[in-house]
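Have a look at the structure below, then the notes.
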Amino acid sequence: MFDTKVRDREVHTGPRPAHQPQWSDHPQYELARRKLATAPALVTAAEVADLRTVLADVAAGRAVLLQAGDCVESLSECTAKHVAGKLAVLDRLAERMAARTGVPVVRVGRIGGQFAKPRSRATEWYCGRELPTFRGHMINSTLATPAARQPDPHRMVLAYDAAAVVTHLVGQRRLAATGPWTSHEALVLDYEESLVRVDPASGTTLLASTHLPWIGERTRQPDGAHVALLASVANPVACKIGPNAAPDDVVRLCRLLDPDRVPGRLVLVMRMGRRGITDAMPGIVVAVRRAGHPVIWLSDPMHGNTVRAGNGMKTRYLRDVAAEASAFREILEGHGQHAGGLHLEVAAADVTECVGGTVADDAALRSRYTTLCDPRLNPDQAATLIDAWT
């Protein structure tokens with residue numbers, strides 16, 4: 001059993017971090033934090049250690065990593081049927097990647113906790129009125145009313161309960177060291193800090209909400225609370241890196257998140273955009289290599305290529321996604337580094353949210369556009385991308 005005692009101090013002590021819900025005055029806030037602080041861990045120290053071991057193989061070039069799943073999870077889809085469908089797609093794509101690369105593929109889902117998203121705008125327009133933006137089911141509702149869009153801390157408890165179901169189902173499918181494993185962006189600090197646990201057997205401090213947490217491009221400040229949190233736990237951790245990142249800043253992040261330079265500890269997820277990657281990424285690769293950090297290099301070719309289609313719908317073009325993924329691999333191989341894999345937003349269903357392959361043009365987007373936030377590839381588009389990347 002983990003020690004579930006509330007820690008004596010919070011990870012962050014400075015100004016309020018960015019992209020956090022404004023809900024500390026809500027009457028349910030303290031109760032929600034207490035419930036989470038005493039809730040059972042969702043992952044174990046042994047599972048985390050096993051994942052770090054197989055990720056060390058990725059860092060050494062003996063395997064690759066496929067991290068894929070929904071942009072943001074729906075609480076209504078945390079059922080055995082939905083999870084089975086999502087994992088079946090992850091398995092299908094991993095098997096395709098393994099066949100084309102000839103090495104094992106570590107399977108990590110964006111699943112079991114991906115219930116919150118940072119948003120670029122605080123409000124959005126719906127049927128002629130301005131409402132708070134939907135920020136994920138951990139924070140507010142998709143219902144388009146002012147009341148439903150208010151942040152509600154009780155939703156953290158609902159998210160934990162849903163994550164517990166999903167994590168259990170994922171664990172039942174873990175038949176090999178290659179996975180599947182859970183991952184999500186460690187965005188909402190009230191949730192994540194409440195789920196830090198200490199394993200009494202080893203003294204290991206874990207973020208018990210997921211196997212592989214990541215920090216987003218918008219919250220990767222070296223002196224920020226999100227970096228401090230993930231620096232303090234034994235999980236393997238990932239960090240998104242965008243086109244404006246300076247090489248020295250990335251090296252500083254590596255020193256904070258991987259001070260002992262341990263293979264399998266740190267994943268750097270490049271999300272540059274096809275127009276920015278060739279200018280921005282080479283200097284980062286050189287700087288990290290010189291600093292001696294054995295990171296896993298992962299390509300997120302989707303987030304830097306989000307655009308508005310001619311009909312105004314948010315989308316991504318498969319040709320741009322494939323171009324960035326290919327450029328990522330070419331840059332790494334040109335510097336003698338291992339291209340560690342792909343980080344993708346993929347639906348389990350045959351959605352029409354990205355243009356290319358089975359989605360002919362912008363007009364076809366309206367057919368099955370069901371994402372709660374950003375556009376996802378459908379399984380056939382993701383398979384096409386893997387073929388292009390390999």
Side-chain angles (χ1 to χ4, degrees), residues 51 54-55 57-58 62-74 77-114 166-184 210-212 267 269 296 298-302 316 318-319 321-322 324-326 328-329 339-359 364 367-371 374-390:
L51 179 56
V54 295
L55 288 179
D57 287 336
V58 179
R62 297 188 293 267
V64 292
L65 169 61
L66 176 62
Q67 189 173 11
D70 282 316
C71 166
V72 59
E73 292 177 274
S74 170
E77 294 187 356
C78 295
T79 68
K81 179 180 178 180
H82 285 105
V83 172
K86 293 174 183 182
L87 295 182
V89 170
L90 182 61
D91 285 342
R92 170 187 159 190
L93 296 175
E95 289 166 4
R96 193 181 192 99
M97 184 178 281
R100 295 186 67 88
T101 61
V103 298
V105 177
V106 180
R107 293 163 292 153
V108 175
R110 291 173 56 107
I111 196 168
Q114 185 61 8
V166 173
T167 303
H168 174 71
L169 293 169
V170 171
Q172 290 182 321
R173 293 284 298 273
R174 193 176 306 118
L175 302 177
T178 52
W181 307 91
T182 65
S183 69
H184 66 257
T210 190
H211 296 109
L212 175 57
V267 182
V269 186
I296 294 170
L298 207 64
S299 172
D300 171 359
M302 302 191 67
R316 290 145 175 170
L318 184 57
R319 63 175 182 268
V321 173
E324 179 174 349
S326 297
F328 163 87
R329 184 164 189 151
L342 295 168
H343 179 124
L344 306 175
E345 291 186 340
V346 182
D350 188 22
V351 299
T352 58
E353 298 167 3
C354 297
V355 177
T358 57
V359 183
S367 178
R368 292 178 299 279
Y369 196 103
T370 61
T371 182
D374 290 334
R376 303 161 294 176
L377 300 171
N378 63 41
D380 286 341
Q381 289 172 324
T384 298
L385 173 60
I386 286 171
D387 290 349
W389 183 75
T390 53

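Keep in mind that the numbers below use all heavy atoms, side chains included, and drop hydrogens, waters and symmetry copies.
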Report the distance from atom [atom1] of [X] to atom [atom2] of [Y], rounding to the nearest 0.5 Å.
X	Y	atom1	atom2	value
L342	S299	CG	OG	5.5 Å
D70	E77	CG	CD	6.0 Å
L87	Q172	CG	CD	10.5 Å
Q381	L318	CD	CG	5.5 Å

Q) Should the pair E73-R110 be classified as a salt bridge under the 4.0 Å nitrogen-to-oxygen rule? A) no
Q | Test: D380 and R92 ion pair at under 4.0 Å | A | yes
Tell me whether [X] contacts the main-chain N or O of [Y] through its side chain, where contact means a donor paired with an acceptor under 3.5 Å.
X	Y	answer
T390	R100	no
R376	A347	no
E353	T371	yes
R329	W389	yes

Pair [X], [Y]: side-chain N/O donor-acceptor within cut-off below 3.5 Å:
X	Y	result
N378	T352	no
S183	Q67	yes
T182	T210	yes

